[in-house]
Every structure is written in structure tokens, then in C-alpha cells.
Amino acid sequence: MKNRQPLFHVVKRESAGPGRQVLAYVAAVVLALAVGAVLLAVQGVEPVTFYRQLLTMGIPGSRYPWRAVENFIKLFVPLLIVSMALALAFKMRFWNIGGEGQFIMGAFWAGFAAMKLGESLPRPAMVLVMAAAGALGGGLYGVFVAALKVRFGTNETLLTLMLNYVALYFLQYFAETKTDWNFFLDPGSARPKFAKFPANAQMITIPIGPFNLNLSLLIAAALCVLLYIYLNYTKRGYEIAVVGDSPNTARYAGMKVGKIVIRTIFLSAALIGLAGAFQVSSAGILSTSVTNDVGWTGVVVAWLAKLNTAGIVVASLLITVLQFGCQTASTTYPSIDANFANLLQGVILFIVLAADFFTRFQLVRTRKEGAK
């Protein structure tokens, strides 16, 4: 029986400069927005007006525009830190899909510190303790998977994915179990409800006129700079790159691959736990929806930016504008759900991935045997 040849095959392009890639990404985003415009028009919403409100996040004409910026920062900071942390693991080809679980555990242990210590510490010390507890809680939750992979060669994608749900149900247990020992709940509420943190557990803010600058934004910016230096100008960053390219080469060069994996994943998960601590400290209360799906969105951001530090900052900013802007714009249009941002984000992701593919590869028609 004669073998049938495929009509097309994939061939790598000889050159795809950065200018061409940027142009392809811009075209992909424009196409995605055009698809979103069609969906908006079908529901009777003027796309141009909706997009204007989305991009401006409702700030023009608002009586309290600084509040919108403050709320925007609370969404932006966790996404930025989580995306940077996931990129750290992805550079080593360790597929950490457990951002949701590590974020939850960081938030939980930060909340544990806040509720247990109460008013016993001054505000700066309390915020620092919460940050340390969150980082340690998230780091240990992630390094558990890394240790299993190093020792037994387990699949980190599957394990980190399953541990997301373990963490979620762990938090839900404390949210729904009203007993005397559960100090997380409000004792004055008839139904189970998380109690607010003490005042000294609230995230420190820097007043600038009526605007309160969240300290976590400055810390996140500093972390971006430090991670860039760590990955590009330190021996440990070089080790991550070598292990990611070829573990066997790393072993041949005398590197302790297992130690590098455990160290890097602990750092990645600890940063995600730190983001969880910042989130609950800024909110002042625990919640079963504390992650706001930041663990999943962080994966999208990291890959859209191709694990590039500067790209992650830009992509995190744009995705947060998309999410926060959609929430704001949806208040004007009852027919549009706030989850429209997730739909638009998905459309953008798939079109950008397609654009990235076709800037690096091309489909070539397979020649028939004997054809000239």
C-alpha cells in the first residue's frame, strides 16, 4: 500500500527579526480586539465606547480617580510577582502549574500570622512577619513537588496541578467549619465568615495627596530588578539556564542538578506565596477567591512575554488593564459580564500564539514524488 504524503509540512523560517515579531504581535492584538468588537456589537454594545472605558478604566470623569488606581495596583502587583516567579521555574523547564495552590498557601499562612499575633506587633513588623510566613508557606508547598521530582522523577505538571485543588479545599475547610478552635472566622457572625485582620496587619501605604501608594508595588518593582540581575548576571542564574537547556550537560559540567532544581523551585514558589501574603494584607481579610485566578493568568503572561523580564512587566500591565477595565466598563453595560475580560484574554492568547508560530515557521506544500 502506497504511503500517503501530507499536503503541507512545517518548515522553520530562515530569519525572523524582532521588528517582524513585534509587528506580528501588534497585528494579533488588533485582530483579537476586532473579534471582541464583533462580540460586543452582537450584544448591542458600541465597541469604541466600551474599549475607551476599558482602556481608561473609568478614571476620566470619576469623582475619586485615585481609588481606581489604588484598586488597579492591588490587581497588578500579585499578577506581576506570580508571572515573574513562574518564569523563573519555566526557564529551567520545570513546569510549575501550581501557582494557584502556592498563592493560596502563602495567603493562608500570612493570615494565620495576622490572626494569631493580633495587635502584639507594630504595623511594619506585622507586615514583615506576614510576608515571611507567606513566602515560607508557598515555598515549602512548591519545593515538595521539586523534591519528589528529583528523588523519584515524578511529573511536576500533574502534581502541581493537583495540589492547586488540595490548597483550595484546605482553605474552604477553614472557611466553612465554624468551631471554637477556628480563629479565622468572625465569632459574631451566625454563619461561617472570615474575620477581618487586625488593623496592624494592613499593608503599609505611602500617602501622596489623596492617593495612597501601596508599598507592595515598590517591592514588586525591586523584585523585578533583582530577578533580572539574578538570572542574567549571577552564577546561579547561569546554572538555571544550563539545567533548562540540558540537565545532562549540567551534570557533565559538575553542577548538582537536584540541588539547583530544589533551590530554584523553592524561590519560585516562595515568591508566589509572598504575592499571596501581599494580597491578603492589602485586602485585610482571607477569602476563598483570594487568588483571582492569578496563578493561571500568570502562566499566560509568562508565555506571552517569552519569559523575558521586561516583557512580563508590560504583559502584566496590559492584562491587568484588560481585566480591571472590563470590570469597570461592565458596570455601564449590564449585558456584558465582567468575565468578558477572560474571553477577550483567551482570544488574544490564541491569536498571539498563532502569530508567534507563523513568524518562526511556515507551511510548505509537499511536492509529489517525481514532480519537478
Side-chain angles (χ1 to χ4, degrees), residues 18 22 25 69-92 94 96 98-100 102-103 106-107 110 127-128 130-132 134-136 138-139 142 203-206 208 212-241 244 263-282 291-324 345 352:
V22 171
Y25 291 161
V69 178
E70 291 172 358
N71 292 329
F72 173 83
I73 290 173
K74 291 178 182 179
L75 288 177
F76 172 64
V77 168
L79 179 59
L80 176 60
I81 297 177
V82 169
S83 302
M84 291 292 301
L86 291 174
L88 184 66
F90 293 162
K91 280 180 179 290
M92 200 177 55
F94 187 100
N96 181 13
E100 287 282 299
Q102 292 151 23
F103 192 94
V127 172
L128 182 61
M130 290 176 66
L136 185 60
M203 175 57 66
I204 298 170
T205 56
I206 304 170
I208 305 175
N212 291 312
L213 176 62
N214 197 307
L215 181 63
S216 64
L217 178 63
L218 302 180
I219 297 174
L223 285 174
C224 289
V225 175
L226 291 174
L227 281 176
Y228 177 80
I229 295 172
Y230 180 80
L231 288 170
N232 295 280
Y233 297 102
T234 68
K235 177 186 175 183
R236 292 186 174 185
Y238 174 73
E239 290 174 341
I240 291 173
R263 180 183 67 211
T264 303
I265 299 310
F266 177 80
L267 178 58
S268 172
L271 288 173
I272 296 174
L274 179 66
F278 286 164
Q279 175 71 5
V280 292
S281 182
S282 297
T291 67
N292 196 32
D293 294 333
V294 73
W296 307 118
T297 310
V299 175
V300 174
V301 169
W303 281 112
L304 282 178
K306 292 189 172 181
L307 312 183
N308 178 273
T309 305
I312 287 173
V313 175
V314 174
S316 297
L317 187 64
L318 294 177
I319 291 294
T320 308
V321 168
L322 177 64
Q323 292 179 333
F324 188 76
Q345 178 181 300
V352 168

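Keep in mind that this is a model prediction, so the values were computed, not measured.
- Using a distance-only test at 3.5 Å, with no hydrogens or angles considered, no donor-acceptor pair links the side chain of Ser83 to the main chain of Ala302.
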* **Criterion side chain to side chain contact (heavy atoms under 4.5 Å, CB included) on Leu86 and Ile272, from CA distance to verdict** => CA-CA 8 Å; Leu86 291 174; Ile272 296 174; 3.8 Å; yes
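- The aromatic rings of Phe90 and Trp303 sit parallel, their planes meeting at an angle under 30°, below the 60° perpendicular limit.
- Summarising the geometry, atom CZ belonging to Phe76 is positioned 9.5 Å from atom CG belonging to Leu318; distances are rounded to the nearest 0.5 Å.
- Nearest heavy-atom pair across Ser268 and Leu88 is N-CD2, 3.9 Å.
- For the pair Thr297 (side chain) and Asp293 (backbone), a donor-acceptor distance under 3.5 Å is present.
- Heavy atoms only, all atoms of each residue included: Pro78 and Phe103 are closest at CB-CE1, 3.9 Å.
- Here the closest non-hydrogen pair linking Ser281 and Val127 is OG-CG2, 4.3 Å.
- Looking only at side-chain heavy atoms (C-beta outward), Leu75 and Leu79 stay at 4.5 Å or farther from each other.
- Closest approach of Ala315 to Ala305, counting heavy atoms only: CB-CB, 4.5 Å.
- Atom CD1 of residue Ile240 and atom CG of residue Leu267 lie 7.5 Å apart, to the nearest 0.5 angstrom.
- Distance check: Ile265 CD1 to Phe94 CZ gives 4.5 Å after rounding to the nearest 0.5 Å.
- Side-chain contact check for Asn292 and Gln279: no donor-acceptor pair (N or O, by modelled atom type) lies under 3.5 Å.
- Between Ser282 atom OG and Ile204 atom CD1 the span is 10.5 Å, to the nearest 0.5 Å.
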* **Worked check of side chain to side chain contact (heavy atoms under 4.5 Å, CB included) between Val82 and Thr291** => CA-CA 11 Å; Val82 169; Thr291 67; over 6 Å; no
* Is there a side chain to side chain contact (heavy atoms under 4.5 Å, CB included) between Lys91 and Leu231 once you walk through the steps? -> CA-CA 9 Å; Lys91 280 180 179 290; Leu231 288 170; 3.6 Å; yes
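- One N or O on the side chain of Ser316 and one on the backbone of Ile312 form a donor-acceptor pair closer than 3.5 Å.
- Once rounded to the nearest 0.5 Å, the distance linking CE of Met203 with CG of Asn212 reads 13.0 Å.
- A donor-acceptor contact shorter than 3.5 Å is absent between the side chain of Glu70 and the backbone of Leu213.
- One finds the CD1 atom of Ile73 at 11.0 Å from the CG atom of Leu215 (value rounded to the nearest 0.5 Å).
- A donor-acceptor distance shorter than 3.5 angstrom exists from the side chain of Glu100 to the backbone of Gly295, with no hydrogens or angles considered.
- Partners of Phe266 according to the ring pair (Phe, Tyr, Trp, His ring centres under 6.0 Å) rule, which considers only residues two or more places apart in sequence or in another chain, do not exist here.
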* To do: Test Phe72 against Leu317 for side chain to side chain contact (heavy atoms under 4.5 Å, CB included), laying out the working first.
  => CA-CA 10 Å; Phe72 173 83; Leu317 187 64; 3.6 Å; yes
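- Put simply, the side chain of Val77 does not reach to within 4.5 Å of the side chain of Asn214, judged on heavy atoms.
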